[in-house]
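Each ligand, and each atom within it, is numbered from 1 in the order the structure gives. As the structure is a prediction and not an experimental result, all values here were calculated from the model.
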Amino acid sequence: MNKARRPLIAGNWKMNHGGANACNLASAVKRTTAEFDKVDVVVCPPFTAIAWVAEELRGSAVQVGAQNVHPKDSGAFTGEVSASMLLDAGARWVILGHSERRAMFGETDTLVAEKTRVALDVGLRPIVCVGELLEEREKGQTLDVVKRQLNAFASILADKPGVGAIAYEPVWAIGTGKTAGPAEAQEVHAMIRARLREISAEVAEKTRILYGGSMKASNAEGLLACEDVDGGLIGGASLKAEDFAGIALAGQKLA
Ligand code: PEP
(Lines give C-alpha, C1' and ligand atoms only; values in the text may rest on other atoms or scores of the structure.)
Protein backbone atom coordinates (compact mmCIF):
# COMPACT_ATOMS: atom_id res chain seq x y z
CA MET A 1 0.00 0.00 0.00
CA ASN A 2 1.23 3.48 -0.78
CA LYS A 3 -0.15 6.22 1.39
CA ALA A 4 -0.89 9.45 -0.45
CA ARG A 5 0.89 11.41 2.28
CA ARG A 6 3.93 10.55 4.40
CA PRO A 7 2.58 9.24 7.72
CA LEU A 8 3.06 11.47 10.77
CA ILE A 9 3.21 9.77 14.17
CA ALA A 10 3.16 12.24 17.06
CA GLY A 11 3.36 11.47 20.77
CA ASN A 12 1.55 13.69 23.27
CA TRP A 13 3.28 13.07 26.59
CA LYS A 14 0.81 15.36 28.39
CA MET A 15 1.95 16.24 31.94
CA ASN A 16 4.41 13.33 32.14
CA HIS A 17 8.21 13.20 32.02
CA GLY A 18 9.07 16.84 32.59
CA GLY A 19 12.68 16.30 33.58
CA ALA A 20 15.49 13.78 33.22
CA ASN A 21 13.02 10.98 32.44
CA ALA A 22 12.10 12.88 29.30
CA CYS A 23 15.63 12.51 27.96
CA ASN A 24 15.57 8.77 28.63
CA LEU A 25 12.27 8.40 26.81
CA ALA A 26 13.42 10.59 23.91
CA SER A 27 16.60 8.58 23.63
CA ALA A 28 14.61 5.32 23.55
CA VAL A 29 12.27 6.75 20.87
CA LYS A 30 15.31 7.77 18.84
CA ARG A 31 16.75 4.27 19.12
CA THR A 32 13.56 2.31 18.44
CA THR A 33 12.50 4.39 15.42
CA ALA A 34 15.96 4.89 13.90
CA GLU A 35 15.29 2.59 10.93
CA PHE A 36 11.96 4.14 9.98
CA ASP A 37 12.66 6.33 6.98
CA LYS A 38 9.13 6.60 5.61
CA VAL A 39 7.36 8.22 8.56
CA ASP A 40 7.73 11.50 10.42
CA VAL A 41 8.04 10.95 14.17
CA VAL A 42 7.38 13.77 16.65
CA VAL A 43 7.43 13.78 20.46
CA CYS A 44 5.69 16.50 22.49
CA PRO A 45 7.02 16.67 26.06
CA PRO A 46 5.97 19.21 28.71
CA PHE A 47 7.43 22.73 28.31
CA THR A 48 10.16 22.13 30.90
CA ALA A 49 11.66 19.26 28.91
CA ILE A 50 11.49 20.66 25.38
CA ALA A 51 15.03 22.04 25.26
CA TRP A 52 16.54 18.93 26.85
CA VAL A 53 14.66 16.62 24.53
CA ALA A 54 15.64 18.73 21.51
CA GLU A 55 19.27 18.41 22.59
CA GLU A 56 18.91 14.67 23.10
CA LEU A 57 17.41 14.31 19.61
CA ARG A 58 19.91 16.54 17.85
CA GLY A 59 21.00 14.83 14.63
CA SER A 60 18.12 12.31 14.69
CA ALA A 61 15.02 12.39 12.50
CA VAL A 62 12.69 12.54 15.53
CA GLN A 63 11.31 16.05 15.94
CA VAL A 64 10.06 17.89 19.00
CA GLY A 65 6.72 19.58 19.58
CA ALA A 66 4.95 21.46 22.36
CA GLN A 67 1.45 20.86 23.70
CA ASN A 68 0.21 24.45 23.82
CA VAL A 69 1.20 28.04 23.09
CA HIS A 70 0.05 31.52 24.02
CA PRO A 71 -1.08 33.68 21.08
CA LYS A 72 0.92 36.77 22.14
CA ASP A 73 4.66 36.98 21.54
CA SER A 74 5.69 38.45 24.91
CA GLY A 75 4.38 40.54 27.79
CA ALA A 76 2.48 40.31 31.05
CA PHE A 77 1.00 36.85 30.64
CA THR A 78 2.13 35.05 33.79
CA GLY A 79 2.66 31.35 33.33
CA GLU A 80 2.41 31.39 29.54
CA VAL A 81 4.90 30.54 26.78
CA SER A 82 5.02 32.11 23.32
CA ALA A 83 5.55 30.52 19.92
CA SER A 84 8.95 32.17 19.43
CA MET A 85 10.05 30.83 22.84
CA LEU A 86 9.05 27.32 21.81
CA LEU A 87 10.95 27.67 18.58
CA ASP A 88 14.00 28.91 20.51
CA ALA A 89 13.78 25.90 22.81
CA GLY A 90 13.90 23.55 19.81
CA ALA A 91 10.22 22.80 19.19
CA ARG A 92 9.13 22.55 15.56
CA TRP A 93 5.53 21.45 16.11
CA VAL A 94 2.77 22.40 18.53
CA ILE A 95 -0.44 20.59 19.47
CA LEU A 96 -3.35 23.05 19.56
CA GLY A 97 -6.96 22.77 20.73
CA HIS A 98 -6.53 19.40 22.42
CA SER A 99 -9.84 18.33 23.97
CA GLU A 100 -8.30 18.49 27.44
CA ARG A 101 -7.46 22.16 26.85
CA ARG A 102 -10.91 22.85 25.43
CA ALA A 103 -12.64 21.12 28.37
CA MET A 104 -10.38 22.04 31.31
CA PHE A 105 -8.95 25.39 30.25
CA GLY A 106 -11.90 26.87 28.37
CA GLU A 107 -10.23 27.06 24.96
CA THR A 108 -12.71 28.20 22.34
CA ASP A 109 -12.69 27.73 18.56
CA THR A 110 -11.69 31.39 18.27
CA LEU A 111 -8.70 31.01 20.57
CA VAL A 112 -7.57 27.83 18.80
CA ALA A 113 -7.73 29.71 15.49
CA GLU A 114 -5.68 32.57 16.95
CA LYS A 115 -3.04 30.15 18.19
CA THR A 116 -2.96 28.42 14.79
CA ARG A 117 -2.29 31.75 13.08
CA VAL A 118 0.50 32.67 15.48
CA ALA A 119 2.17 29.25 15.29
CA LEU A 120 2.24 29.33 11.50
CA ASP A 121 3.45 32.94 11.39
CA VAL A 122 6.35 32.17 13.71
CA GLY A 123 7.34 28.96 11.90
CA LEU A 124 5.90 26.28 14.17
CA ARG A 125 3.87 23.50 12.59
CA PRO A 126 0.47 23.23 14.31
CA ILE A 127 -1.34 19.94 14.89
CA VAL A 128 -4.86 21.22 15.48
CA CYS A 129 -7.25 18.87 17.29
CA VAL A 130 -10.95 18.42 16.66
CA GLY A 131 -13.41 15.83 17.95
CA GLU A 132 -16.84 15.23 19.36
CA LEU A 133 -17.99 14.33 22.88
CA LEU A 134 -19.73 11.01 23.48
CA GLU A 135 -23.12 12.68 23.88
CA GLU A 136 -22.62 14.55 20.61
CA ARG A 137 -21.85 11.27 18.82
CA GLU A 138 -24.90 9.64 20.40
CA LYS A 139 -27.09 12.49 19.15
CA GLY A 140 -25.70 12.07 15.61
CA GLN A 141 -23.91 15.43 15.75
CA THR A 142 -20.34 14.21 15.08
CA LEU A 143 -19.88 15.62 11.61
CA ASP A 144 -21.51 18.96 12.50
CA VAL A 145 -19.36 19.42 15.61
CA VAL A 146 -16.12 18.54 13.85
CA LYS A 147 -17.02 20.77 10.89
CA ARG A 148 -17.70 23.70 13.22
CA GLN A 149 -14.33 23.25 14.96
CA LEU A 150 -12.57 22.83 11.62
CA ASN A 151 -14.16 25.89 10.05
CA ALA A 152 -12.57 28.07 12.72
CA PHE A 153 -9.01 27.40 11.52
CA ALA A 154 -9.15 25.65 8.11
CA SER A 155 -8.59 28.76 6.03
CA ILE A 156 -5.62 29.69 8.25
CA LEU A 157 -3.97 26.31 7.57
CA ALA A 158 -4.65 26.89 3.87
CA ASP A 159 -2.20 29.81 3.87
CA LYS A 160 0.67 27.31 4.16
CA PRO A 161 -0.57 24.04 2.63
CA GLY A 162 0.92 20.95 4.21
CA VAL A 163 2.77 22.77 7.00
CA GLY A 164 0.14 22.10 9.64
CA ALA A 165 -1.80 18.93 10.40
CA ILE A 166 -5.24 18.17 11.83
CA ALA A 167 -5.90 15.52 14.46
CA TYR A 168 -9.37 13.97 14.66
CA GLU A 169 -9.69 12.83 18.25
CA PRO A 170 -13.13 11.63 19.35
CA VAL A 171 -13.16 12.75 22.98
CA TRP A 172 -14.80 9.51 24.13
CA ALA A 173 -11.81 7.57 22.78
CA ILE A 174 -9.07 9.57 24.51
CA GLY A 175 -7.42 7.63 27.32
CA THR A 176 -10.43 5.29 27.59
CA GLY A 177 -9.21 2.27 25.65
CA LYS A 178 -12.18 2.74 23.30
CA THR A 179 -11.13 3.42 19.73
CA ALA A 180 -13.15 4.61 16.79
CA GLY A 181 -13.21 1.73 14.33
CA PRO A 182 -11.50 2.32 10.98
CA ALA A 183 -14.85 2.97 9.26
CA GLU A 184 -15.93 5.48 11.93
CA ALA A 185 -12.59 7.28 11.71
CA GLN A 186 -12.53 7.27 7.91
CA GLU A 187 -16.02 8.81 7.75
CA VAL A 188 -14.89 11.85 9.74
CA HIS A 189 -11.50 12.08 8.02
CA ALA A 190 -13.20 12.01 4.61
CA MET A 191 -15.48 14.86 5.68
CA ILE A 192 -12.47 16.87 6.83
CA ARG A 193 -10.68 16.22 3.53
CA ALA A 194 -13.80 17.24 1.57
CA ARG A 195 -14.07 20.46 3.57
CA LEU A 196 -10.39 21.24 2.89
CA ARG A 197 -10.99 20.57 -0.82
CA GLU A 198 -13.64 23.31 -0.80
CA ILE A 199 -10.87 25.70 0.25
CA SER A 200 -8.23 24.42 -2.17
CA ALA A 201 -7.21 21.18 -3.85
CA GLU A 202 -3.64 21.77 -2.71
CA VAL A 203 -4.48 22.10 0.97
CA ALA A 204 -6.66 18.96 0.78
CA GLU A 205 -3.89 16.94 -0.87
CA LYS A 206 -1.08 18.14 1.38
CA THR A 207 -2.69 18.32 4.84
CA ARG A 208 -2.12 15.29 7.01
CA ILE A 209 -5.16 14.26 9.04
CA LEU A 210 -4.16 12.21 12.09
CA TYR A 211 -6.37 9.94 14.17
CA GLY A 212 -6.07 10.10 17.96
CA GLY A 213 -7.83 8.15 20.69
CA SER A 214 -6.42 4.99 22.31
CA MET A 215 -4.27 4.20 19.30
CA LYS A 216 -1.81 1.42 20.03
CA ALA A 217 0.42 -0.96 18.10
CA SER A 218 -2.37 -3.55 17.91
CA ASN A 219 -4.96 -1.27 16.28
CA ALA A 220 -2.70 1.16 14.42
CA GLU A 221 -2.46 -0.75 11.16
CA GLY A 222 -6.23 -0.91 10.65
CA LEU A 223 -6.63 2.81 11.33
CA LEU A 224 -3.60 3.94 9.34
CA ALA A 225 -4.70 1.85 6.35
CA CYS A 226 -7.76 4.11 5.89
CA GLU A 227 -7.50 6.31 2.84
CA ASP A 228 -7.75 9.60 4.72
CA VAL A 229 -5.90 8.65 7.91
CA ASP A 230 -2.40 10.03 7.49
CA GLY A 231 -0.97 9.29 10.90
CA GLY A 232 -1.70 9.27 14.60
CA LEU A 233 -1.64 11.49 17.66
CA ILE A 234 -0.85 9.18 20.53
CA GLY A 235 -1.21 9.80 24.25
CA GLY A 236 -0.83 6.81 26.59
CA ALA A 237 1.04 4.58 24.15
CA SER A 238 3.62 7.31 23.49
CA LEU A 239 4.94 6.99 27.04
CA LYS A 240 6.62 3.65 26.31
CA ALA A 241 9.13 3.77 23.47
CA GLU A 242 8.41 0.18 22.32
CA ASP A 243 4.66 0.80 22.12
CA PHE A 244 5.15 4.08 20.31
CA ALA A 245 7.66 2.51 17.91
CA GLY A 246 5.13 -0.26 17.19
CA ILE A 247 2.71 2.39 15.93
CA ALA A 248 5.41 4.11 13.89
CA LEU A 249 6.29 0.72 12.40
CA ALA A 250 2.70 0.30 11.23
CA GLY A 251 3.01 3.67 9.47
CA GLN A 252 6.35 2.69 7.98
CA LYS A 253 4.89 -0.55 6.55
CA LEU A 254 1.94 1.24 4.95
CA ALA A 255 3.86 4.23 3.60
C1 PEP B 1 -4.43 12.26 23.22
O2 PEP B 1 -4.49 12.68 24.36
O3 PEP B 1 -4.19 13.03 22.28
C4 PEP B 1 -4.66 10.83 23.02
C5 PEP B 1 -4.93 10.41 21.81
O6 PEP B 1 -4.56 10.04 24.13
P7 PEP B 1 -4.67 8.43 24.18
O8 PEP B 1 -3.82 7.89 23.04
O9 PEP B 1 -4.14 8.05 25.50
O10 PEP B 1 -6.11 8.08 23.98
Side-chain angles (χ1 to χ4, degrees), residues 7-18 22 25 29 32-33 39-47 49-50 53 63-69 91 93-105 107 112 115-116 119 125-134 136-137 142 145-146 149-150 153 164-182 184-186 188-189 192 208-224 226 228-251:
L8 169 60
I9 306 296
N12 174 10
W13 294 0
K14 309 195 186 191
M15 202 168 71
N16 297 292
H17 301 310
L25 179 54
V29 169
T32 51
T33 62
V39 286
D40 289 333
V41 178
V42 177
V43 293
C44 302
F47 287 142
I50 288 174
V53 166
Q63 299 175 71
V64 187
Q67 301 169 20
N68 184 28
V69 72
W93 294 83
V94 61
I95 299 168
L96 298 177
H98 190 279
S99 63
E100 286 154 16
R101 296 217 55 87
R102 291 177 188 261
M104 294 183 223
F105 303 99
E107 292 205 2
V112 174
K115 292 181 176 193
T116 306
R125 306 183 69 168
I127 298 172
V128 194
C129 303
V130 294
E132 81 287 2
L133 304 170
L134 181 58
E136 292 167 334
R137 174 159 283 266
T142 298
V145 168
V146 172
Q149 294 171 331
L150 175 65
F153 64 84
I166 296 167
Y168 168 55
E169 300 205 304
V171 179
W172 48 271
I174 295 180
T176 59
K178 290 185 196 141
T179 323
E184 282 173 308
Q186 171 58 27
V188 180
H189 283 234
I192 295 172
R208 288 179 284 189
I209 307 172
L210 318 183
Y211 170 80
S214 299
M215 193 187 255
K216 34 189 186 284
S218 57
N219 61 25
E221 207 164 324
L223 288 157
L224 294 173
C226 297
D228 291 298
V229 177
D230 308 311
L233 180 57
I234 296 105
S238 72
L239 298 176
K240 280 202 184 142
E242 285 72 22
D243 294 349
F244 188 56
I247 298 171
L249 175 62

Residue and atom name of the nearest protein heavy atom (relative to atom 2 (O) of ligand 1), distance in Å to one decimal
Lys14 NZ, 2.6 Å

Counting only nitrogen or oxygen atoms and a 3.5 angstrom limit, does Gly212 reach ligand 1?
no

Would you name the heavy atoms of Cys129 and Arg102 that are closest together and state the gap between them?
O-NH2, 2.9 Å

Please determine if Glu107 and Arg101 form a salt bridge, counting it only when a charged side-chain N lies under 4.0 Å from a carboxylate O.
yes

Test side-chain contact (heavy atoms from CB on, under 4.5 Å), reference Cys226, set Asp230, Val229, Asp228, output is Val229

Measure the distance from atom 5 (C) of ligand 1 to every protein heavy atom, then report the residue, atom name and distance (to 0.1 Å) of the closest one.
Glu169 OE2, 3.1 Å

Within the 4.0 Å heavy-atom shell around Gly236, which atoms of ligand 1 are there?
7 (P), 8 (O), 9 (O)

Please check: side-chain N/O of Arg208 versus main-chain N/O of Ile127, any donor-acceptor pairing under 3.5 Å?
no

for atom 8 (O) of ligand 1, nearest protein heavy atom and its distance come out as Gly235 N, 2.8 Å

Ala173 to ligand 1, any heavy atom closer than 4.0 Å:
yes

Specify the closest pair of heavy atoms between Pro170 and Gly212, including all atoms of both residues, with the distance to one decimal.
CD-O, 3.3 Å

Nearest heavy atoms of Ser238 and Leu25, plus distance in Å
O-CD2, 3.9 Å

Is a donor from one side chain sitting under 3.5 angstrom from an acceptor on the other, for Tyr211 and Gln186?
no

Backbone, side chain, both or neither: what part of Ile174 comes under 4.0 angstrom of ligand 1, heavy atoms only?
both

Would you mind listing which atoms of ligand 1 come within a distance below 4.0 Å of any non-hydrogen atom of Gly175?
7 (P), 9 (O), 10 (O)

Check contact between His98 and ligand 1, using heavy atoms of the residue and a distance below 4.0 angstrom.
yes

In terms of atom number and element, which parts of ligand 1 are under 4.0 angstrom from non-hydrogen atoms of Gly213?
5 (C), 10 (O)

